[in-house]
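As a basis for the values below, the full set of heavy atoms in this structure was taken, side chains included, without hydrogen atoms, waters or symmetry mates. Labels below follow one simple rule: chain letters A, B, ... track the order of the sequence lines, proteins then strands, and each chain is numbered from 1.
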Amino acid sequence: MSFSERILNWYAEHKRALPWRETKNPYVIWLSEIILQQTRVEQGMPYFFRFLETYPNVTKFANAEEAEILRLWQGLGYYSRARNMHKASKQVLELHNAKFPTDYQSLLKLPGVGEYTAAAISSFSSNHAHAVLDGNVFRVLARYFGIEEPINSSSGKKIFSKLAEEMLDRNQPAEYNQAIMDFGSLQCKPKNPNCAECVLRIDCRAYESGLVNVLPAKIKGKKSKDRFFHYFIIEHDGAVLMSQRSEGDVWANLFEFPMIESDADLNVAELVQMEEFQKDFGLSVPTQIKGQIKHILSHQNIYARFYKLEINASKLPKKSHWNYFILEKLDTLAKHKLISSFVEHYF
DNA sequence: AAGTCGGGGTT
DNA sequence: AACCCAGACTT
């Protein structure tokens, strides 16, 4: 039996029932695919339902405020996905007369839609013959063919991309694409794959050569950097001073409290000596609210401290990214996890 | 080709 | 602590 036949047979028995598999609506599939980029199915599922309910079609999405979309996206991470979705939805209104495209090339032009997502939407919605290549497919192919080229190298991407297209079942691209991803996710897992009962085992090169736990090979990235954030809770007349993060750094455009970053951890005495502190807050003395919180991201470890700061409003500098919000409005702002968690138990 | 962009689960 | 997740984009 061929590779794709075995994958499809396995899929017929083990497929997951996922809500976005019930539709061929490219808008709904796009919604699910963007949400699922680098995101587990279980984590993305509630967001998928929330977005579909709030924006039932691409026109509703395009006409929404970006701030509202970001708030709905809150907690999911990689927030540029939400901003790109808004741009993409507007592009669909203007260039495609509000009819969501299904052809690979048009999809590829949408912000936030890369080769994987274009292949996914075009195949799932219209059964177009484009092979998906995500983390699952990389793993299945690397192991089955015993390819030791790193999957995140330039040459590796070319090799696997070509191979994925060759293996695609062109008679049923949509079904095959779903099948190989489920196979990678449930059967050919990163750790402890179920080789004991695997339809590919008889000619799996990695199994044959004992490389299952080595493949796929990957070039290691840089080590995480440590950053130290000091947040200041400044309240006046039932309103809290919030700051909107700039672009070009983590959590672009999201809201948080005014803060100062330092190269190393500081105690209060060292903090108030910082030039930046004195420039913004003068001789005010911060009162630490709780202990240090460690917030781990893929590429940086953030150590945060929160302080209450009593200061006369007239002594604060005016900054375009600083604004007061009454407590009731605080919930409507899109905040990153570090801040939303704090707000949840503090206010 | 390498770096950046989140949050959470698994091992 | 390391790795990974229905990746895309910038430098």
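- Side-chain N/O atoms of A/His336 include none lying less than 4.0 angstrom from OP1 or OP2 on B/dG7.
- Contact between the side-chain N/O atoms of A/Arg40 and the OP1/OP2 oxygens of B/dT10 is not found at any separation under 4.0 Å.
- On the P atoms, B/dG8 is 22 Å away from C/dA8, given to the nearest whole Å.
- Side-chain nitrogen and oxygen atoms of A/Lys223 include none within less than 4.0 Å of the OP1 or OP2 phosphate oxygen of C/dA2.
- The CD-P distance, from A/Gln300 to B/dG3, rounds to 14 Å in whole Å.
- Going from atom CG of A/Asn301 over to atom C1' of B/dG7 covers 14 Å, rounded to whole Å.
- Heavy atoms of A/Val113 sit under 4.0 angstrom from primed sugar atoms or phosphate atoms, though from no base atom.
- Remark: A/Tyr78 is not in phosphate contact with C/dC9, judged by side-chain N or O atoms under 4.0 Å from OP1 or OP2.
- Aromatic ring pairs are classed by plane angle as parallel below 30°, tilted from 30° to 60° and perpendicular above 60°; the pair A/Phe138 and A/Phe160 is perpendicular.
- For the pair A/Arg50 and A/Tyr47, the cation-pi criterion (under 6.0 Å, within 45° of the ring axis) is fulfilled.
- Look at A/Gln38 and you'll find a side-chain N or O under 4.0 angstrom from OP1 or OP2 of C/dG7.
- Place A/Gly221 and A/Ser80 on DNA chain B by their nearest nucleotides, and A/Gly221 ends up nearer the 5' end.
- For A/Lys337 and B/dG8, the shortest distance from a side-chain N or O to OP1 or OP2 is below 4.0 Å.
- In this model, the phosphate group of B/dC5 is approached by a side-chain N or O of A/His299 to a distance below 4.0 Å at OP1 or OP2.
- Residue A/Lys222 places at least one side-chain N or O under 4.0 Å from the OP1 or OP2 atom of B/dT4.
- For A/Trp251, a side-chain nitrogen or oxygen approaches OP1 or OP2 of B/dG7 to under 4.0 Å.
- Using modelled atom types and a 3.5 Å distance limit, the side chains of A/His14 and A/Gln187 yield no donor-acceptor pair.
- Rounded to an integer number of Å, the gap from CD1 of A/Ile219 to C1' of C/dC4 is 17 Å.
- No donor-acceptor contact under 3.5 angstrom links the side chains of A/Glu175 and A/Tyr11, judged on distance only.
- Taking each heavy atom of A/Asn136 and A/Ser185 in turn, the nearest pair found is OD1-N, 3.4 Å.
- Atom NZ of A/Lys157 is separated from atom C1' of C/dA8 by 10 Å (rounded to the nearest Å).
- OP1 or OP2 of B/dG8 has not a single side-chain nitrogen or oxygen of A/Thr39 nearer than 4.0 Å.
- Along DNA chain C, the nucleotide closest to A/Gln43 and the one closest to A/Gln37 are compared, and the more 5′ of them pairs with A/Gln43.
- Between the CD atom of A/Glu33 and the P atom of C/dC5 there is a distance of 15 Å, given to the nearest Å.
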